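The structure under discussion appears below in the form of structure tokens.
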Amino acid sequence: MMDLLSPIVAAVWAATLAAPVDATAVKAEETADLRAWVSAHLAGPAEPATSCPAAADVPFSFSFADRSFADSGKTWESQRASRKLDAARTEHVVTWRDPKTALVVRCVAIEYADFPTVEWTLYFRNEGTADTPILADIQALDTRFERGPDGEFLLHHAVGSPANGSDYGPLETPLGPKSDKRISAAGGRPTNSDLSYFNLQWPGRGVIIVAGWPGQWEARFAREDGKAVRVRVGQQLTRFKLLPGEEVRSPLIVLQFWRGDYIRSQNVWRRWMIAHNLPRPGGKLPPPQFVASSSRAYEEMIKANEENQILHIDRYLEEGLKLDYWWMDAGWYVNKTGWPNTGTWEVDTKRFPRGLRAVSDHAHRRGVKTIVWFEPERVTPGSWLYENHPEWLLGPDGRQKLLNLGNPDARKWLTDHVDHLLTEQGIDLYRQDFNMDPLSYWRAADAPDRQGITEIRHVTGYLAYWDELRRRHPDMLIDSCASGGRRNDLETLRRAVPLLRSDYIFDPLGNQGHTYGLASWLPYYGTGVINTNPAE
């Protein structure tokens with residue numbers, strides 16, 4: 001039987017970390033810290049209501065025409081507006097406009113009433129009729145935190161998902177005077193080498209700092225001589241002009257202030273993740289789930305067919321293993337050289353003459369839903385996309401390429417095509433993988449005066465693609481995968497959940513470590529078990 005039952009994944013709620021529920025209640029001092037910080041740096045003083053924070057006080061930075069915004073922004077026109085979005089959230093929008101070039105910078109911030117949390121995203125728009133001067137070194141977060149007279153700063157951070165026993169391992173870096181710690185993504189996938197989640201602690205208090213950017217981010221923690229540390233977080237490379245009418249955005253930044261115990265602060269963070277971030281298909285939080293596939297038996301799906309997929313579903317149920325989902329992974333589509341040959345997103349009717357719909361319908365009759373794997377961004381030679389739409393692809397000929405989601409035509413085709421497949425094939429959960437590093441493709445496509453633009457366009461296109469799929473399929477959950485857990489930034493996890501948190505899935509000890517590390521940041525994720533045929 002064991003050769004028929006592999007692998008198994010359970011999506012679970014991570015237990016609260018060694019703290020009773022009442023210990024995670026927000027403290028009045030934390031709320032006061034948030035209010036004071038937002039007033040000083042983002043929303044401006046309560047009176048007069050028309051005043052804006054000074055350019056030198058905002059928690060971000062950039063240079064424009066070789067001058068810092070802290071300097072040049074003193075003469076820019078500014079305005080602010082605030083409105084309540086709901087009982088828990090207030091939006092603050094502060095806008096600056098350069099009268100010489102018509103560059104408009106907009107900071108859109110959300111202040112939370114039920115947590116000591118604020119988030120913001122920057123938008124840059126050229127409202128003029130000519131190209132702007134060079135906009136460079138955009139730091140979505142650039143601010144200082146100061147400690148008291150005693151003690152020192154300690155930075156809590158974590159390994160990303162390099163697919164080994166160290167995945168999600170917690171790290172600590174003391175930040176003594178003049179220390180300078182740089183941490184970044186690797187290859188353009190945001191949690192490839194390091195998580196984009198940080199907790200900066202000093203005696204009795206601290207702040208959680210998180211970047212939402214499914215691209216190449218960089219964070220820098222520079223300890224000054226006195227009692228402060230300067231924190232900068234942003235897209236790693238930005239140096240570009242904006243064309244007339246063009247708008248771009250920065251990474252999302254989240255700060256959550258805390259006092260007291262470090263472990264308690266992580267639990268408050270997880271509560272905020274559940275309350276305001278975790279996807280709710282059909283308006284409900286995703287329940288614990290038990291899913292299985294036959295990937296190990298059929299070389300992913302290369303040797304899978306309608307008959308053996310139905311056989312596996314029935315065998316699980318015959319053994320009393322009540323599945324929530326049947327998982328059909330890589331290789332169900334037309335390919336010439338195996339599952340990595342992606343780019344022809346059509347069901348292989350030689351193996352599935354009635355499409356995946358026959359498997360889905362059988363599963364549905366037995367009370368089981370279906371998950372199906374896609375990897376739309378990686379396009380390989382010989383595939384339909386490679387041969388028919390080279391104008392949508394980034395990269396040199398003769399090798400795998402990147403489908404440019406910053407191209408509106410490419411994104412529209414992909415959205416419509418996948419939407420059709422989801423509906424036609426009766427697919428209940430969309431799983432998206434990403435087994436390539438996109439950074440070199442993005443940067444090779446940029447002109448010297450447009451560095452960073454291709455990455456921004458791809459990132460925003462990727463998020464827009466998922467947003468539209470979710471709009472068309474409001475009851476559908478999305479599973480985020482990128483060679484395991486290499487794309488689990490906050491913007492991604494507002495739209496998806498990681499059912500396979502790492503490709504390092506065979507070692508029980510390593511997987512226990514993954515659970516320990518990841519639970520500090522994510523309240524919901526999958527845990528995997530691979531049962532291999534004893535004959536192997």
Side-chain angles (χ1 to χ4, degrees), residues 26-62 64 68-70 72-98 103-125 127 135 138-145 200 207-213 231-235 247-258 268-269 271-273 275-277 460 463 467 490-491 494:
V26 174
K27 299 178 180 180
E29 302 95 319
E30 294 168 333
T31 300
D33 291 341
L34 169 70
R35 301 287 182 264
W37 195 91
V38 169
S39 177
H41 298 286
L42 286 171
E47 296 295 338
T50 56
S51 63
C52 298
D57 295 332
V58 296
F60 56 84
S61 65
F62 60 90
F64 185 58
S68 71
F69 177 63
S72 64
K74 296 174 183 177
T75 61
W76 291 21
E77 303 162 355
S78 62
Q79 62 182 24
R80 69 168 182 168
S82 297
R83 63 182 179 124
K84 287 188 73 67
L85 301 179
D86 51 42
R89 301 177 303 153
T90 298
E91 179 187 75
H92 305 289
V93 180
V94 186
T95 304
W96 293 266
R97 186 179 191 276
D98 176 21
L103 175 69
V104 174
V105 180
R106 189 170 84 258
C107 176
V108 180
I110 306 294
E111 180 182 4
Y112 290 83
D114 52 347
F115 289 89
T117 309
V118 63
E119 66 178 68
W120 68 89
T121 306
L122 305 178
Y123 299 87
F124 299 83
R125 181 175 178 81
E127 294 189 350
L135 183 64
I138 300 170
Q139 301 297 311
L141 172 65
D142 189 345
T143 195
R144 297 168 70 254
F145 298 100
L200 181 64
V207 60
I208 287 175
I209 303 164
V210 171
W213 187 248
V231 182
R232 282 166 281 185
V233 182
Q235 184 182 344
E247 182 176 79
V248 296
R249 60 158 287 186
S250 76
L252 168 73
I253 298 294
V254 180
L255 301 184
Q256 187 171 94
F257 297 86
W258 60 270
V268 175
W269 167 264
R271 286 184 55 225
W272 179 75
M273 285 289 291
H276 295 290
N277 299 275
T460 54
L463 296 175
D467 286 341
L490 184 57
E491 283 281 31
R494 284 184 162 176

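Here the structure is a predicted model, which is why all the values come from computation and not from measurement. The residues of the chain are indexed from 1 along the displayed sequence.
Residue G234 comes nearest to P251 through the heavy atom pair C-CG, 4.1 Å, listed as atom of the first residue, atom of the second, then distance. Scanning both residues, F64 and L135, for their nearest heavy atoms gives CD1-CD1, 4.0 Å. Contact between A211 and V233 at its shortest, heavy atoms only, is CB-CG1, 3.8 Å.
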*Dump the intermediate steps for side chain to side chain contact (heavy atoms under 4.5 Å, CB included) on W76 and L103, then the final yes or no.*
CA-CA 10 Å; W76 291 21; L103 175 69; 3.9 Å; yes

*Could you walk me through whether R249 and W213 pass the side chain to side chain contact (heavy atoms under 4.5 Å, CB included) check?*
CA-CA 10 Å; R249 60 158 287 186; W213 187 248; 4.0 Å; yes

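If you take CD on E77 and CZ on R97, they are separated by 6.0 Å, rounding to the nearest 0.5 Å. In this structure, CG in L252 is found 10.0 Å from CG in L122, a value given to the nearest 0.5 Å. Rounded to the nearest 0.5 Å, atoms OG (S39) and CG (L34) are 10.5 Å apart. One distance of note links CD of E111 with CZ of R89; it measures 12.5 Å at 0.5 Å rounding.
Residues passing the salt bridge (Lys or Arg N to Asp or Glu O under 4.0 Å) test with R125: none are found, sequence neighbours excluded. With sequence neighbours left out, the side-chain contact (heavy atoms from CB on, under 4.5 Å) criterion links T95 to Q79, V93, V104, R106. Legend: residues meeting salt bridge (Lys or Arg N to Asp or Glu O under 4.0 Å) with E29, ordered by chain and number and at least two apart, are absent. W120 is linked by a ring pair (Phe, Tyr, Trp, His ring centres under 6.0 Å) to W37, counting only residues two or more places apart in sequence or in another chain. The side-chain contact (heavy atoms from CB on, under 4.5 Å) check on D142 picks up S61, Q139, R230, R232, with sequence neighbours excluded. Every residue two or more places apart in sequence or in another chain that forms a ring pair (Phe, Tyr, Trp, His ring centres under 6.0 Å) with Y112 is listed here: W272, H276.
Within the 4.5 Å cutoff, the side chain of V254 has heavy atoms near those of the T117 side chain. No side-chain heavy atom of E119 sits less than 4.5 Å from a side-chain heavy atom of L490. In this structure, F60 and H41 have side chains that are not in contact, with every pair of non-hydrogen atoms separated by 4.5 Å or more. Using a 4.5 Å cut-off on side-chain heavy atoms (C-beta onward), P53 and V94 make contact. Using a 4.5 Å heavy-atom threshold, the side chains of S72 and D98 count as separate. Between I138 and Q235 there is no side-chain heavy-atom pair separated by less than 4.5 Å.
Under the 3.5 Å distance criterion, the side-chain polar atoms of T143 are left unmatched by any main-chain donor or acceptor of P59. Q256 contributes a side-chain N or O that, together with a main-chain N or O of W269, makes up a donor-acceptor pair within less than 3.5 Å. A donor-acceptor pair is defined here as one N or O able to donate and one able to accept, closer than 3.5 Å; no such pair exists between the side chain of H92 and the backbone of S82.
If you look at F62 and W96, their ring centroids are not closer than 6.0 Å.
Partner of V231 under the side chain to side chain contact (heavy atoms under 4.5 Å, CB included) criterion, chosen from V207, L255, I253, L200: L200.
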